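Fair warning: this is a prediction, and the values are worked out from it, not measured in the lab. Whatever order the structure lists them in is the order used to number ligands and atoms, beginning at 1. Both backbone and side-chain heavy atoms feed into the values below; hydrogens, waters and symmetry mates do not.
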Amino acid sequence: MKLNIALLPGDGIGPEVIEQAVKVSNAIAKKFNHSINWMHALTGAAAIDAVGEPYPKETHEICLKADAILFGAIGHPRFDNDPSAKVRPEQGLLKMRKDLGLFANVRPTFTFPSLIDKSPLKKERIEGTNLIFLRELTGGIYFGKRGRLDNGNTAFDTCTYTRKEIKRLAIKGFELAMKRSNRLCCVDKANVLESSRLWRETVQSLEKDYPSVKVSYEFVDAVAMRLVQWPNSYDVLITENLFGDILTDEASVISGSMGLMPSASVGLKTSLYEPIHGSYPQAAGKNIANPLATILSAAMMFEDAFNLQKEADLIRSVVNSSLKQSIVSEDLADGNKSYKTSEIGDWLVKEII
Ligand code: IPM
Ligand code: MN
């Protein structure tokens, strides 16, 4: 099979972790007789430096032409510390999500048996956790009207949702729940927010179409608590953009390291695969970042975008072996021997071939 994949390394540790995912994907392609056409494109601070904008038109065109997109990370501290910056790398990410219609962000959280003791949470609480957040990605407060009033002394951001936006995300949630345990949790703040009330109303109106799915409605503050108390009591959770952003960072701690969790963004035109961690600028260029979240994102890509299950399974299986044999980066080494980002990539390639 010929796979056209847009490759967007982005900023910080993005290029280093992407390089490992490329190595692993190429090894998989070789083993299973596929040919990958990597289509390189710029995003984030790297694109601002090169062409003055974080999501250039050429990048958008490459993304549309490709069958799937593999993405590293975006963000650079020189913009974080400059509130007056006119162009920010993150704007590129938001524009990319919006322009590509990537309205559903699939963020799984699961535990690895060999890493169960690395989590700051107690083993008996997290064992067996295997949940998926479906985070709405192209609406809400991220894209609402914002601005300043009162000579800059008052600021506002607005959270707007249409029934249509909620419905298409919720349908994905119901469908996913039916493939799993038929349990769906709708996370909102309907005791306070009007937009949340529309979420709840819309999800309730869909229940009759999915009679096998049992839906629970929970407030976001309570979910934040139960997520660390009894994460294994959840299965599929659907939520709006900002709640999903916050809860998925929280949930990633369960697995033991943020450097482990992959994600997929799907929707109208194409699909994009990326680690849930950020650009981790402190580690950039040091060859110490954990590449596994990106490599596992590539596995999600083989599985979802190309329907190549054996290929995805093999990636997951070699990743599991590396963890079992403690071929791990600094974040998981606990002061014991750690491996460089590129060494982990090389080790996985050797296991595949
Ligand atoms: C994420 C990130 C982004 C977000 C940032 C970088 C804009 O935190 O993908 O979760 O808030 O969506
Ligand atoms: Mn985030």
Side-chain angles (χ1 to χ4, degrees), residues 8-15 17-18 42-48 53-55 59 63 69-83 85-109 131-144 146 157-159 161 165 169 187 220 223-224 227 237-255 257-267 271-284 289-290 293-294 296-297 300-301:
L8 279 52
D11 304 323
I13 57 168
V17 291
I18 279 283
L42 289 169
T43 44
I48 296 178
E53 47 178 327
Y55 183 60
T59 299
C63 288
I69 304 160
L70 190 60
F71 179 73
I74 239 176
H76 194 284
R78 91 173 180 262
F79 298 90
D80 297 344
N81 302 329
D82 176 10
K86 290 258 165 340
V87 207
R88 312 182 149 270
E90 289 80 5
Q91 289 164 346
L93 186 60
L94 300 188
K95 187 166 165 44
M96 177 168 80
R97 289 172 179 169
K98 193 74 168 180
D99 292 357
L100 293 173
L102 303 169
F103 68 79
N105 186 208
V106 186
R107 293 191 167 184
T109 292
L131 56 87
I132 299 192
F133 273 96
L134 269 184
R135 167 191 176 194
E136 202 290 327
L137 204 57
T138 54
I141 202 164
Y142 274 63
F143 293 93
R146 70 183 88 239
D157 298 274
T158 47
C159 178
Y161 268 108
E165 285 173 319
L169 193 274
V187 184
V220 60
V223 173
L227 202 52
L237 303 97
I238 52 174
T239 193
E240 64 92 51
N241 206 340
L242 182 61
F243 296 162
D245 178 47
I246 298 167
L247 292 178
T248 53
D249 265 33
E250 187 192 352
S252 76
V253 173
I254 296 165
S255 66
S257 167
M258 222 193 168
L260 291 168
M261 290 295 117
S263 82
S265 298
V266 301
S271 50
L272 177 146
Y273 300 84
E274 63 172 313
I276 83 153
H277 61 69
S279 59
Y280 190 16
Q282 304 84 330
N290 188 340
T294 314
L296 291 170
S297 300
M300 278 181 102
M301 174 180 74

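Asp11 contributes no side-chain N or O that, together with a main-chain N or O of Gly44, makes up a donor-acceptor pair within less than 3.5 Å. Thr59 contributes a side-chain N or O that, together with a main-chain N or O of Leu42, makes up a donor-acceptor pair within less than 3.5 Å.
Contact annotation: Asp245 places an N, O or S atom under 2.8 Å from the Mn ion (ligand 2).
By the 4.5 Å heavy-atom criterion applied to side chains, Met261 and Thr248 are not counted as neighbours. For the pair Tyr55 and Cys63, the minimum side-chain heavy-atom distance is below 4.5 Å. With contacts defined as side-chain heavy-atom distances shorter than 4.5 Å, the pair Asn241/Leu137 qualifies.
Atom CG of Leu100 is separated from atom OG of Ser265 by 10.0 Å, given to the nearest 0.5 angstrom.
Near ligand 1, Glu90, Leu93, Arg97, Arg107, Arg135, Tyr142, Asp245 each place a heavy atom less than 4.0 angstrom from the ligand.
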